[in-house]
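Following: one structure in structure tokens, then a few remarks.
What you are looking at is a predicted structure, and each value in this text was computed from that prediction instead of being measured.
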Amino acid sequence: SSEPSSEPSSEPSATPSCSPSSVPTESPSKPPGINLYYPEWTPGKAGCRNDGDEPEYMELDPNSWLSSTVESCCQKFFGGYYYDICMGR
């Protein structure tokens with residue numbers, strides 16, 4: 001029978017199943033928790049964000065793109081005049 005039994009068997013099957021028993025799951029999502037800050041340059045949204053939506057190229061090179069604080073992100077990517085704007089001042 002191709003349907004799974006309602007109880008486990010006491011012995012292994014004589015032959016393994018030929019196909020997966022369920023549909024594959026989606027790709028793993030990011031674990032919940034603290035996200036690092038990344039620069040966002042989109043007009044109207046410019047600044048440092050920590051919403052976990054950083055582009056993949058930033059995830060692949062976190063030392064270059066991700067910061068542990070909003071201050072360090074703003075200083076690195078929006079230094080000078082834009083620092084205060086980045087910090088929301």
Side-chain angles (χ1 to χ4, degrees):
S1 165
S2 63
E3 293 295 316
S5 62
S6 60
E7 296 290 324
S9 62
S10 60
E11 296 180 18
S13 310
T15 58
S17 59
C18 295
S19 61
S21 58
S22 64
V23 177
T25 59
E26 293 182 24
S27 297
S29 59
K30 292 181 185 178
I34 299 171
N35 294 307
L36 296 175
Y37 289 87
Y38 67 95
E40 170 66 69
W41 292 287
T42 304
K45 295 189 338 183
C48 289
R49 307 277 179 258
N50 71 337
D51 54 14
D53 289 335
E54 64 272 5
E56 185 177 10
Y57 71 90
M58 292 183 186
E59 286 182 47
L60 295 174
D61 188 10
N63 291 333
S64 296
W65 295 104
L66 305 180
S67 304
S68 60
T69 66
V70 68
E71 292 85 359
S72 61
C73 177
C74 287
Q75 183 63 44
K76 185 173 184 176
F77 298 104
F78 299 92
Y81 170 76
Y82 291 103
Y83 177 81
D84 286 339
I85 293 171
C86 178
M87 293 295 297
R89 299 180 189 156

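- Looking at Trp41 and Phe78, their side chains come closer than 4.5 Å, going by heavy atoms from C-beta outward.
- Sorted by first and then second residue, the salt bridge (Lys or Arg N to Asp or Glu O under 4.0 Å) pairs involving residues 77-86 (not counting sequence neighbours) are Asp84-Arg89.
- Leu66 and Phe77 fall within a single hydrophobic cluster, where Ile, Leu, Val, Met, Phe, Trp and Tyr side chains are chained together by heavy-atom contacts under 4.5 Å.
- For the side chain to side chain donor-acceptor pair (under 3.5 Å) test, residues two or more places apart in sequence or in another chain that qualify with Thr69 are Ser72.
- The salt bridge (Lys or Arg N to Asp or Glu O under 4.0 Å) pairs that include a residue from residues 60-76 number zero, where partners must be two or more places apart or lie in different chains.
- By the 4.5 Å heavy-atom criterion applied to side chains, Tyr38 and Arg49 are counted as neighbours.
- For a disulfide, the SG atoms of both cysteines must be under 2.5 angstrom apart; this fails for Cys74 and Cys48.
- Residues Leu36 and Met58 fall within the same hydrophobic cluster, defined by Ile, Leu, Val, Met, Phe, Trp and Tyr side chains chained together at heavy-atom separations under 4.5 Å.
- Considering every non-hydrogen atom in both Asn35 and Asn50, the closest pair reads CB-O, 3.2 Å.
- Counting heavy atoms from C-beta outward, Trp65 and Pro39 have side chains that approach closer than 4.5 Å.
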